[in-house]
Amino acid sequence: MEIWHNPSCSKCAGARASLDEARVPYRLRAYLEQPPNAAELTEVLRRLDARAWDICRTGEPSAVAQGMADWPRDDASESRWIEAMVAHPELIQRPILLLDDGGALVGRTPEVLDEAVRRTTG
């Protein structure tokens, strides 16, 4: 699996620790240093079965400065959200686990991390 992570994020550290404990192999992508492009983020959203605003950290200073909490959440506006997250990758929720089975999860809770382990180890 690939993990989109921020090395200074406690939730990301917790995800890595859980996967290490379960001996689940993974690759790290420091997405602040290697930001996704719009096509990659769109594919991740598809894999998550989520909309862009579902994984946007609207409390981040760059989101607040843009007034993103008040942006429309509809089909016509989704590309605007994606463009903002590509331009400001700190807006992307973390960690995102891209599973080898084609799915993806936002690994912020023990339950989700357990599911990632189960789906990876069978």
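L19 CG to I3 CD1: the interatomic distance, rounded to the nearest 0.5 Å, is 5.0 Å. A distance of 11.0 Å separates CD of E21 from CG of L113, quoted to the nearest 0.5 Å. Here the straight-line distance linking atom CG of D100 with atom CG of L97 works out to 11.0 Å at 0.5 Å rounding. Rounding to the nearest 0.5 Å places CD1 of I82 at 11.0 Å from OG of S77. Annotation: the span from N6 atom CG to L28 atom CG amounts to 11.5 Å, rounded to 0.5 Å.
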Open item on the list: Apply side chain to side chain contact (heavy atoms under 4.5 Å, CB included) to residues R119 and L105 and explain how you reach the verdict.
Closed with: CA-CA 11 Å; R119 288 174 62 178; L105 300 165; 3.9 Å; yes
TODO: Given side chain to side chain contact (heavy atoms under 4.5 Å, CB included), test I55 with L41 step by step and report yes or no.
DONE: CA-CA 10 Å; I55 65 163; L41 188 53; 4.1 Å; yes
Task: Criterion side chain to side chain contact (heavy atoms under 4.5 Å, CB included) on R16 and Y26, from CA distance to verdict - done: CA-CA 9 Å; R16 291 189 311 270; Y26 56 85; 3.6 Å; yes
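Annotation for A104 and L98: closest pair CB-CD2, 3.8 Å, computed over non-hydrogen atoms. When all heavy atoms of D75 and R51 are compared, the closest pair comes out as OD1-NH2, 2.6 Å. Residues R73 and A69 share a closest heavy-atom pair of NH2-O, 3.9 Å. Taking both residues in full, the closest heavy atoms of E40 and P35 are given as OE1-O, 4.2 Å, listed atom of the first, atom of the second, then distance.
Remark: the backbone N or O of G14 is paired with a side-chain donor or acceptor of S18 at under 3.5 angstrom. The main-chain N or O of R80 is never found under 3.5 Å from a side-chain atom of E83 such that the two would form a donor-acceptor pair. Side-chain N or O atoms of R47 include one that pairs as donor or acceptor with a backbone N or O of L99 at under 3.5 Å.
Two residues are said to be in side-chain contact when any heavy atoms from C-beta on lie closer than 4.5 Å; T58 and W71 fail this criterion. Residues L48 and D54 are not in side-chain contact: their nearest non-hydrogen atoms beyond the backbone lie 4.5 Å or more apart. Using a 4.5 Å heavy-atom cutoff, the side chains of L32 and W4 are not in contact.
Using modelled atom types and a 3.5 Å distance limit, the side chains of R29 and H5 yield no donor-acceptor pair.
Applying the ring pair (Phe, Tyr, Trp, His ring centres under 6.0 Å) rule to pairs touching residues 39-68 yields W53-W81, sequence neighbours excluded.
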Between side-chain atoms of residues 88-95 and protein atoms elsewhere (two or more places apart, or another chain), which donor-acceptor pairs fall under 3.5 Å?
unit_1 : atom_1 : unit_2 : atom_2 : d
E90    : OE2    : S62    : OG     : 2.7
Q93    : OE1    : R57    : NH1    : 3.0
Q93    : OE1    : R108   : NH1    : 3.1

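The environment of D49 atom CG is sparse: at most 12 non-hydrogen atoms of other residues, nucleotides or ligands sit within 6.0 angstrom.
Hydrophobic clustering keeps M1 apart from V106 (ILVMFWY residues linked when any side-chain heavy atoms are closer than 4.5 Å, directly or through intermediates).
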